[in-house]
Chemist: 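Encoded as structure tokens, here's the structure I'll be asking about.
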Amino acid sequence: WLVIAVGLVRAYLAKGSYHSLYYSIEKPLKFFQTGALLEILHCAFGIVPSSVVLTAFQVMSRVFLTWAVTHSVKEVQAEDSVLLFVVAWTITEIIRYSFYTFSLLNHLPYLIKWARYTLFIVLYPMGVSGELLTIYAALPFVRQSGLYSISLPNKYNFSFDYYTFLILVMISYIPIFPQLYFHMLHQRRKVLSHTEEHKKSE
């Protein structure tokens, strides 16, 4: 994720504009975000204590945005909303993996712990906004091209409308996002208040 961050900064400095920076980090983004599927297995096998369901939703939604929307609908790749979620993901993951690394080394700076449980307050809505705006921007092109849609009649007697599916995906954010967001707020109160109490006891 640091590779992606450096790639974004270099592309911005070279172009002098933040528009269409996606193309400068497309390959590493696809590689690293797809690799995050391993995190679901790590939760399932108990290697890390995180919730399998929450982790699966977060990872799969990002993989879906990366491949099934941004990669598949070329017309949205120049949208500013793509940069919005890419920047949010990148900052979030750099902080999160730094948190894990220093925790494993038993030397976790308070600044990193604070950033892990505070910056999401802005980054999470920023990322979700970028994701939803990108899906919304893809809708006209999906409807026009019939991308991934299966129409009747066919020998399987089965139909699938990808346009409608994307709308349902957008609607699913309404009940799911608040749950994830308030879960993180609860974690923030628990972790940071515990840290403050520990400091006072010392």
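Because only heavy atoms are used, hydrogens play no part in the values below, and waters and symmetry mates are left out as well, while side chains stay in. This chain uses plain numbering: 1 for the first residue, then up along the sequence.
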Chemist: Kindly indicate whether the side chain of I135, heavy atoms from C-beta on, has any atom under 4.5 Å from the side chain of V76.
Modeler: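 No, every pair of side-chain atoms sits at 4.5 Å or beyond.
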
Chemist: Assess whether atom NZ of K15 is packed by more than 12 heavy atoms of other residues, nucleotides or ligands within 6.0 Å.
Modeler: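 Yes, enclosed.
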
Chemist: Less than 4.5 Å apart, any side-chain heavy atom of V87 and any of T90?
Modeler: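 They are not in side-chain contact.
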
Chemist: Is it true that a side-chain atom of S50 and a backbone atom of C43 form a donor plus acceptor pair closer than 3.5 Å?
Modeler: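 No; zero donor-acceptor contacts below 3.5 Å.
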
Chemist: Checking the side chain of T66 only, and the main-chain atoms of K30 only, is there a donor and an acceptor separated by less than 3.5 Å?
Modeler: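 Here the side-chain-to-backbone pair does not exist.
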
Chemist: Return yes when atom OH of Y156 has more than 12 non-hydrogen atoms of other residues, nucleotides or ligands closer than 6.0 Å, and no otherwise.
Modeler: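 No.
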
Chemist: Are any non-hydrogen side-chain atoms of V63 and W67 less than 4.5 angstrom apart?
Modeler: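 Touching, per the 4.5 Å side-chain cut-off.
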
Chemist: Taking side chain as C-beta onward, heavy atoms only, is S103 less than 4.5 Å from L108?
Modeler: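 When only atoms from C-beta onward are counted, L108 and S103 do touch, with a gap below 4.5 Å.
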
Chemist: Under a 4.5 Å cut-off applied to non-hydrogen side-chain atoms, are V48 and E39 in contact?
Modeler: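 A side-chain contact under 4.5 Å is absent here.
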
Chemist: Say whether, by atom type as modelled, one donor and one acceptor occur between the side chain of T118 and the main chain of A115 under 3.5 angstrom.
Modeler: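 Not at all, since once roles are kept as given, no pair shorter than 3.5 Å links the two residues.
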
Chemist: Shared ILVMFWY cluster between V169 and I150, side chains joined below 4.5 angstrom?
Modeler: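 Yes; tracing contacts between hydrophobic side chains, which count when under 4.5 Å, links both residues.
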
Chemist: Checking side-chain contact (heavy atoms from CB on, under 4.5 Å) for the pair L21/I25: CA distance, chi angles, key distance, verdict?
Modeler: CA-CA 7 Å; L21 291 184; I25 49 86; 6.0 Å; no

Chemist: If hydrophobic clusters are built by linking Ile, Leu, Val, Met, Phe, Trp and Tyr wherever their side-chain heavy atoms come under 4.5 Å apart, do F141 and L133 end up in the same one?
Modeler: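 No: no chain of side-chain contacts under 4.5 Å links F141 to L133.
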
Chemist: Only one of Y117, F177, F85 clears ring pair (Phe, Tyr, Trp, His ring centres under 6.0 Å) with Y124; which?
Modeler: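 In the set Y117, F177, F85, the residue that makes a ring pair (Phe, Tyr, Trp, His ring centres under 6.0 Å) with Y124 is F177.
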
Chemist: Take M170 and F165, measure what side-chain contact (heavy atoms from CB on, under 4.5 Å) needs, and give me the verdict at the end.
Modeler: CA-CA 9 Å; M170 293 175 72; F165 177 75; over 6 Å; no

Chemist: Under 3.5 Å, is there a donor on one side chain and an acceptor on the other for T92 and W1?
Modeler: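 Their side chains do not contain a donor-acceptor pair, so the 3.5 Å distance test is not met.
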
Chemist: Test of understanding: clusters of I, L, V, M, F, W, Y form through side-chain heavy atoms closer than 4.5 Å, transitively. Do L123 and V191 belong to the same one?
Modeler: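 Same cluster: L123 reaches V191 through Ile, Leu, Val, Met, Phe, Trp or Tyr contacts under 4.5 Å.
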
Chemist: Between T55 and V52 (side chain of the first, backbone of the second, donor and acceptor by atom type, cut-off under 3.5 Å), is there such a pair?
Modeler: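 The answer is no, because no donor-acceptor pair under 3.5 Å joins these two groups.
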
Chemist: What is the distance from atom OH of Y162 to atom OG of S145, rounded to the nearest 0.5 Å?
Modeler: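 Nearest 0.5 Å value for the OH-OG distance: 10.0 Å.
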
Chemist: Work out which heavy atom in A88 is nearest to a heavy atom in M126; give both atom names and the distance.
Modeler: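 What the structure gives for the nearest pair is N-CE, 4.0 Å.
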
Chemist: What I'd like to find out is whether the side chain of E75 reaches to under 4.5 Å of the side chain of Q144, using heavy atoms alone.
Modeler: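 Contact flag for E75/Q144 side chains = no.
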
Chemist: Would you compute the distance between atom CD of Q187 and atom CG of L185 and round it to the nearest 0.5 angstrom?
Modeler: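 Output value for this atom pair is 10.5 Å.
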
Chemist: Nearest 0.5 Å, please: how far is NZ in K113 from OG in S98?
Modeler: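 It comes to 15.0 Å.
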
Chemist: Between V3 and F32, which heavy-atom pair has the shortest distance, and what is it?
Modeler: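 So the minimum-distance heavy-atom pair works out to CB-CE1, 4.3 Å.
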
Chemist: Looking at Y163, is R143 sitting on its ring face, NZ or CZ under 6.0 Å from the six-membered ring centre and within 45 degrees of the normal?
Modeler: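 R143 over Y163 ring: yes.
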
Chemist: Should W114 and L192 count as side-chain neighbours, where that means a heavy-atom distance under 4.5 Å?
Modeler: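 Yes, their side chains come closer than 4.5 Å.
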
Chemist: Please report the closest heavy-atom contact between T164 and D161, naming both atoms and the distance.
Modeler: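 Closest pair (atom of T164, atom of D161, distance): OG1-OD2, 2.6 Å.
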
Chemist: What closest approach, in Å, do F120 and R188 show between heavy atoms, and which atom pair accounts for it?
Modeler: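 For F120 and R188, the tightest heavy-atom pair comes out as CE2-CD, 4.1 Å.
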
Chemist: Among residues two or more places apart or on two chains, list those pairs meeting side-chain hydrogen bond (donor to acceptor under 3.5 Å, both in side chains) that have a residue in residues 165-185.
Modeler: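 Qualifying pairs, neighbours excluded: E131-Y173.
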
Chemist: To the nearest 0.5 angstrom, please state how far the CZ atom of R116 sits from the CG atom of L119.
Modeler: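 Taking CZ in R116 and CG in L119, the distance rounds to 11.0 Å.
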
Chemist: Taking the side chain as C-beta and beyond, is there a heavy-atom pair between Y18 and L8 under 4.5 Å?
Modeler: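 Answer no - side chains too far apart.
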
Chemist: V53, I174: one ILVMFWY side-chain cluster at the under-4.5 Å cut-off?
Modeler: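 Looking at the clustering, I174 is in a separate group from V53.
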
Chemist: Can you check whether S151's main-chain N or O pairs, donor with acceptor, with N154's side chain at less than 3.5 Å?
Modeler: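 Yes; judged by distance alone, with no hydrogens or angles, the pair exists.
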
Chemist: Do I40 and I47 belong together in a cluster built from hydrophobic side chains that touch within less than 4.5 Å?
Modeler: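 Per the 4.5 Å side-chain linkage, I40 and I47 are not co-clustered.
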
Chemist: Do any N or O atoms from the side chain of T70 and from the backbone of L65 form a donor-acceptor pair under 3.5 angstrom?
Modeler: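 Yes; judged by distance alone, with no hydrogens or angles, the pair exists.
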
Chemist: Could you give the distance from CG (L132) to OG (S81), rounded to the nearest 0.5 Å?
Modeler: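 Rounded to the nearest 0.5 Å, the CG-OG separation comes to 10.0 Å.
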
Chemist: Count the heavy atoms of every other residue, nucleotide or ligand shown that sit under 6.0 Å from CZ of F99, and state whether that count exceeds 12.
Modeler: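 Atom CZ in F99 is crowded, with more than 12 foreign heavy atoms closer than 6.0 Å.
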
Chemist: Taking everything shown except F31 itself, do over 12 heavy atoms lie less than 6.0 Å from its CZ?
Modeler: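 Incorrect, the count does not exceed 12.
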
Chemist: Check step by step if side-chain contact (heavy atoms from CB on, under 4.5 Å) holds for L2 and Y97.
Modeler: CA-CA 10 Å; L2 192 58; Y97 284 114; over 6 Å; no

Chemist: What pair of heavy atoms forms the shortest contact from Q33 to V59, and how long is it?
Modeler: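 Heavy-atom minimum between the residues: NE2-O, 4.3 Å.
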
Chemist: I need the T134 OG1 to L84 CG distance, nearest 0.5 Å.
Modeler: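 So the gap between those two atoms works out to 8.0 Å.
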
Chemist: Decide side-chain contact (heavy atoms from CB on, under 4.5 Å) for L37 and M60; before the verdict, give the C-alpha distance in whole Å, the side-chain angles of both, and the deciding distance to 0.1 Å.
Modeler: CA-CA 7 Å; L37 289 169; M60 290 305 297; 3.5 Å; yes

Chemist: What pair of heavy atoms forms the shortest contact from V69 to A138, and how long is it?
Modeler: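 What the structure gives for the nearest pair is CG1-CB, 4.0 Å.
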
